[in-house]
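For reference, the structure discussed in these notes is given below.
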Amino acid sequence: MNFSEETIEQLAKDHYGLTTTAKSLNGYDELNFLLSTDTNEKYILKISNEDHPLPFLDAQVKIIQHLSKSSLANEFQQFCINKQGDALTKIEADSKIYYVRILNFLEGTFWVEKENRSKELFYNLGSFLGNMDYELRDFSHLAMHRRYTWDVSCASETNDNLKYILDHEKRRIAGYFLLQFDSEVLPLIHTLRHAYIHNDANDYNILVQENQISGLIDFGDMVYTVLINNLAIACTYAMLGEKDPLAVAASIVEGYHKSYALTEQEVDLLYYLIAARLCISVTQSAYNASLDSNNEHHFLTEKPAWELLNQLIRINPIKAQDTFRKACGFKALITDENYTDILESREKNIGRNLSIGYKDKLKITKGALQYLYDDKGRTFVDCVNNPSHVGHCHPVVVRRMQKQIASLNTNTRYLNDTIIEYAEKLTATLPPALSVCYFVNSGSEANDLAIRMSRHFTKQKDIIVLDHAYHGTSTVAMEMSPYKFDGKGGFGKMPWIHKAINPDLYRGPYKYGDGEAGEKYAVDVQRIIQDLKKVDKAPAVFICETLLGVGGQIPLPKNYLKTVYEHVRAAGGICIADEVQVGFGRIGDHFWGFELQDVVPDIVVLGKPIGNGHPLAAVIVTNEIANAFNNGMEYFNTFGGNPVSMTAGLAVLDVLQDEEMQQHALEVGNHLLNGLRKLMAKYPIISDVRGHGLFIGAEMVKDHLTMEPAVAEIDIVVEKMKEKGFLLSTDGPLHNVLKIKPPMPFNKQNADEMIELLDIALSEL
């Protein structure tokens with residue numbers, strides 16, 4: 001029913017004896033009217049329909065009556081009593097029941113309208129909330145025991161609405177924080193203090209005068225839940241639009257703690273509770289948008305909520321916990337530990353030549369998509385960990401793996417649907433000829449198996465590799481990795497290994513602009529084949545990364561693989577494409593690196609990104625090779641193809657497709673390449689920028705004519721970038737190529753910040 005202002009004026013007079021003028025106000029799910037008398041007294045009249053049960057309306061009356069007996073009485077609206085002596089007035093209209101209540105009007109400016117909020121104001125907000133919750137510690141009402149969407153403790157239910165968030169990056173971030181809620185908070189909820197709370201201290205419900213809180217209105221969201229949720233919600237709204245949201249929250253926490261002592265456990269969970277509250281908000285907005293809602297209240301905080309979620313994911317959870325602990329005077333989490341103890345333990349019990357990155361070591365404690373968090377509260381943009389292909393702790397991948405490992409993980413001697421489903425989905429991304437899968441645990445193991453199969457098929461042993469190539473750590477993989485066997489501590493080249501010249505358009509004999517460079521570099525492979533023929537041998541294998549990783553982040557010249565494959569196949573050899581670092585949409589232009597060369601390999605080797613960091617790899621071959629390998633000797637791999645690994649692989653493929661990550665890699669990669677090329681024009685030390693998608697290298701030299709590698713300088717740049725929060729690495733035979741292969745969620749903002757900081761680092765050389 002539509003209640004006119006005239007009808008409202010009559011209701012106030014008939015039931016409360018008030019002669020007023022009524023004015024309709026905006027409301028979320030109740031009708032609200034401002035009542036004014038001739039003497040300028042003001043009241044708020046609310047009308048609730050049957051969606052608001054009487055017991056819950058009674059609870060609102062009781063909680064305010066309880067608070068009116070405290071020192072905070074003036075900060076809450078008081079109920080007017082009707083002619084029957086009740087705070088609630090039952091009316092019937094159009095055969096429906098409604099409840100009317102009138103409350104006095106509180107003076108003040110709404111928080112959302114307050115400009116230049118001070119630290120004192122944030123502190124006072126916390127203090128006010130702490131006092132309120134302290135006064136409510138002995139309050140109870142059964143109607144507040146309810147399952148409620150806006151109860152932060154129920155944030156897990158919000159997962160059902162993630163599908164309504166259409167933007168892939170936003171959905172991924174919300175999904176990540178909900179995963180963290182389920183992992184970090186949900187198991188502890190039953191151990192936390194519970195209370196009857198207001199549950200909605202938002203920027204439209206808080207009234208301010210100067211730096212004081214003058215009122216808190218609207219108890220329509222109140223619920224019996226975890227006590228700390230009340231503080232989390234207030235922090236969430238106060239943080240919206242703030243440049244330093246963590247400092248804002250810390251002031252509120254400090255004020256609250258002084259009024260009503262928090263526990264360390266509550267404080268440590270606050271970061272995740274704030275994020276969960278934001279996730280409830282943005283998923284509800286997305287759900288309402290799917291219903292074509294035109295209610296502005298459904299989208300009031302959507303934009304600032306997303307902005308705050310983007311700020312939160314860049315705040316190390318340990319830094320947040322440490323900041324909140326310090327605000328309460330609790331023991332700090334972050335120390336000045338120099339890692340002496342852990343390094344000594346590592347020296348004692350871990351292989352001595354297991355390397356650790358960076359001059360000043362990092363202890364990484366957590367990952368979030370394209371970000372890594374260390375134990376000192378720092379956040380890093382990860383620009384090199386390509387195994388975490390779709391992002392560290394991607395929520396879809398993690399949840400599906402969690403579910404599978406809680407159900408079954410065993411070897412492949414039993415029939416299982418998942419391995420078949422994955423094999424079908426994986427081979428569907430490849431040319432039809434590549435149709436048979438062998439699942440293993442690492443790229444090294446995959447390359448080892450691929451060589452074994454090739455040798456069995458060709459009855460030959462010799463292998464052609466590229467100079468400076470790297471194919472893994474198994475004995476066979478090391479034997480065909482010049483990067484290792486020619487390096488420090490290497491064992492030298494075995495007689496059956498043959499190195500072809502690196503098809504490097506920057507350092508090699510055939511340069512950029514030579515339209516036939518690919519064919520010219522391929523001649524060196526033909527030379528090796530002819531040399532083998534002179535001693536009555538033929539190649540078993542030609543193996544090559546489809547973009548050279550350790551070789552220097554080098555895209556292959558046009559027609560290189562096409563020509564090489566023709567030579568090798570003419571000699572009876574097998575052509576292996578090593579896609580361990582390159583594949584799965586990273587290059588943007590195509591899903592697989594070999595597609596850049598317009599070739600179809602005989603064997604494709606997959607690893608690193610295939611399981612998003614989970615130990616998973618694959619060898620995919622033609623039917624002809626698979627049939628030949630089926631020679632009576634059983635092939636068995638204890639862990640290869642296990643249900644958890646297959647589930648991880650499936651999840652990665654689904655995420656790549658559902659989140660359109662290949663297109664994202666193309667767009668962000670081109671954006672980053674353009675930025676790097678601008679730096680190359682500005683700084684002569686950058687001599688070449690190359691790559692595709694998010695597989696990028698920038699070579700650094702001291703002199704363009706001599707091409708002397710700028711090794712010391714690039715090391716300085718990498719360390720400077722680490723100190724600024726960007727993790728990069730070096731690669732290439734001369735260790736002078738900046739390696740950039742971030743997780744796929746890496747975005748244009750990350751790219752712009754990286755370029756800006758690289759600019760500064762280069763200017764300081």
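Contact check for W150 versus D200: no side-chain heavy atoms found under the 4.5 Å cut-off. Using a 4.5 Å cut-off on side-chain heavy atoms (C-beta onward), K722 and L727 make contact. Using a 4.5 Å cut-off on side-chain heavy atoms (C-beta onward), K739 and C383 make no contact. Using a 4.5 Å heavy-atom threshold, the side chains of Y260 and L227 count as touching. Side chains of I206 and K114 form no contact here, defined as non-hydrogen atoms less than 4.5 Å apart.
A donor-acceptor pair shorter than 3.5 Å can be found between the side chains of H394 and E659. Under the 3.5 Å distance criterion, with hydrogens and angles disregarded, no donor-acceptor pair is assigned to the side chains of N211 and Y123.
Annotation: side chain to side chain donor-acceptor pair (under 3.5 Å) contacts of K720 (sequence neighbours excluded): E764. By the side chain to side chain donor-acceptor pair (under 3.5 Å) test, D654 pairs with R400, K425, sequence neighbours left out. In terms of the side-chain contact (heavy atoms from CB on, under 4.5 Å) criterion, L166 has no residue partners (sequence neighbours excluded). Not counting sequence neighbours, the partners of Q370 by the side chain to side chain donor-acceptor pair (under 3.5 Å) test are N750. Evaluation of the side chain to side chain donor-acceptor pair (under 3.5 Å) rule for E264 yields R325 as partners, not counting sequence neighbours. Not a single ring pair (Phe, Tyr, Trp, His ring centres under 6.0 Å) links Y204 to another residue, sequence neighbours left out.
The heavy-atom pair separating L679 from L762 by the smallest distance is CD1-CD1, 4.3 Å. Residue A238 comes nearest to I252 through the heavy atom pair CB-CD1, 3.4 Å, listed as atom of the first residue, atom of the second, then distance. In plain terms, the two heavy atoms of I233 and A201 that are nearest each other are CG2-N, 3.9 Å. Residues L262 and V253 come closest through the heavy atom pair CD1-CG1, 4.0 Å. Closest approach of M401 to A648, counting heavy atoms only: SD-CB, 3.6 Å. Nearest heavy atoms, A332 versus K326: CB-CE, 4.0 Å.
Because its NZ or CZ atom is both nearer than 6.0 Å to the ring centre of Y339 and within 45° of the ring axis, K376 counts as a cation-pi partner of that residue.
For F122 and W111, the ring centers sit closer than 6.0 Å to each other.
Shown are I356, N338, I350; of these, the side chain to side chain contact (heavy atoms under 4.5 Å, CB included) with L343 is made only by I356.
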